[in-house]
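None of these values were measured; they are calculated from a predicted model. As a basis for the values below, the full set of heavy atoms in this structure was taken, side chains included, without hydrogen atoms, waters or symmetry mates.
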Amino acid sequence: MTAEASIVSDPVGAATLETMAQAHRYNAWQVARLAPWLGRRVCEIGSGIGNISRLLADREPELLVLTDQNPAYLERLRSRFQGRPGVVIEELTLPDTGATRRFREQALDTVVALNVLEHI
């Protein structure tokens, strides 16, 4: 599926992410609430277009793994964080039998899933 086709297949989700991109104070509030527990090797599940990811990256973690299942969102993340040291973009579609091995190798200390659980 092409990136453009994946946006068309989820127009409501894409529109919601674009709307939430404008909710700067809300996004910052969410990250501030998590800040005391954020480690240096963080994985964000369901990164979308990077609304929360940007704030996590601004904390300059040692490693930030951004995941999504939508090819269009992954493409946006790659473009947005291109050249940013320590930021890795990965597809994660559950079930993913290789995720445990990959995450163990990355020695993650924090996993966050903001604005994701309501979709499950």
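Under a 4.0 Å N-O distance rule, the pair Asp96/Arg101 does not qualify as a salt bridge. Of the charged side-chain nitrogens involved, at least one lies within less than 4.0 Å of a carboxylate oxygen, so that Arg76 and Glu18 count as a salt-bridged pair.
Within the 4.5 Å cutoff, the side chain of His24 has heavy atoms near those of the Arg54 side chain. Side-chain contact between Cys43 and Thr110 is absent, with no heavy atoms from C-beta onward closer than 4.5 Å. In this structure the side chain of Arg25 never reaches within 4.5 angstrom of the side chain of Gln30, judged on heavy atoms. Val112 has its side chain within reach of Leu56: a pair of non-hydrogen atoms, C-beta onward, lies under 4.5 Å apart.
For Tyr73 against Gly13, the heavy-atom pair with the smallest separation is OH-C, 3.5 Å. The shortest non-hydrogen separation linking Pro36 to Ala32 is CD-O, 3.7 Å. Nearest approach of Ile52 to Asn115, heavy atoms of both residues: CG1-ND2, 4.4 Å. Nearest heavy-atom pair across Leu92 and Arg102 is CD1-NH2, 4.1 Å. The heavy-atom pair separating Asn70 from Asp68 by the smallest distance is N-OD1, 3.0 Å. Closest heavy-atom contact between Leu108 and Val65: CD2-CG2, 4.0 Å.
Put simply, CD on Glu90 and CD1 on Ile45 are 9.5 Å apart, with the number rounded to the nearest 0.5 Å. Put simply, CD1 on Ile49 and CG on Leu74 are 12.5 Å apart, with the number rounded to the nearest 0.5 Å. Here OG1 of Thr67 is found 9.5 Å from CD of Gln69. Values are rounded to the nearest 0.5 Å. Annotation: the span from Arg84 atom CZ to Leu66 atom CG amounts to 10.0 Å, rounded to 0.5 Å. Taking CD from Glu91 and OG1 from Thr93, the interatomic distance works out to 4.0 Å, rounded to the nearest 0.5 Å.
For Glu62, the CD atom sits in a packed shell: over 12 heavy atoms of surrounding residues, nucleotides or ligands are nearer than 6.0 Å. When the shell of 6.0 Å around CD of Glu105 is examined, it contains more than 12 heavy atoms from other residues, nucleotides or ligands.
Hydrophobic clustering (side-chain heavy atoms under 4.5 Å, transitive across Ile, Leu, Val, Met, Phe, Trp, Tyr) groups Leu63 together with Val111. Follow the hydrophobic side-chain contacts under 4.5 Å out from Val31 and you never reach Trp37; the two are in separate clusters. No path of Ile, Leu, Val, Met, Phe, Trp and Tyr side chains, each step under 4.5 Å between heavy atoms, connects Met20 with Val12, placing them in separate hydrophobic clusters.
A side chain to side chain contact (heavy atoms under 4.5 Å, CB included) with Arg59 holds for exactly one of Leu38, Leu64, Val42; it is Leu38.
With hydrogens and angles left out, the side-chain atoms of Glu44 and Ser47 include a donor and acceptor closer than 3.5 Å.
At distances below 3.5 Å, not a single donor-acceptor pair connects side-chain atoms of Asn27 with backbone N or O atoms of Leu55. With hydrogens and angles disregarded, a donor-acceptor distance shorter than 3.5 Å links the side chain of Arg41 to the backbone of Ala107.
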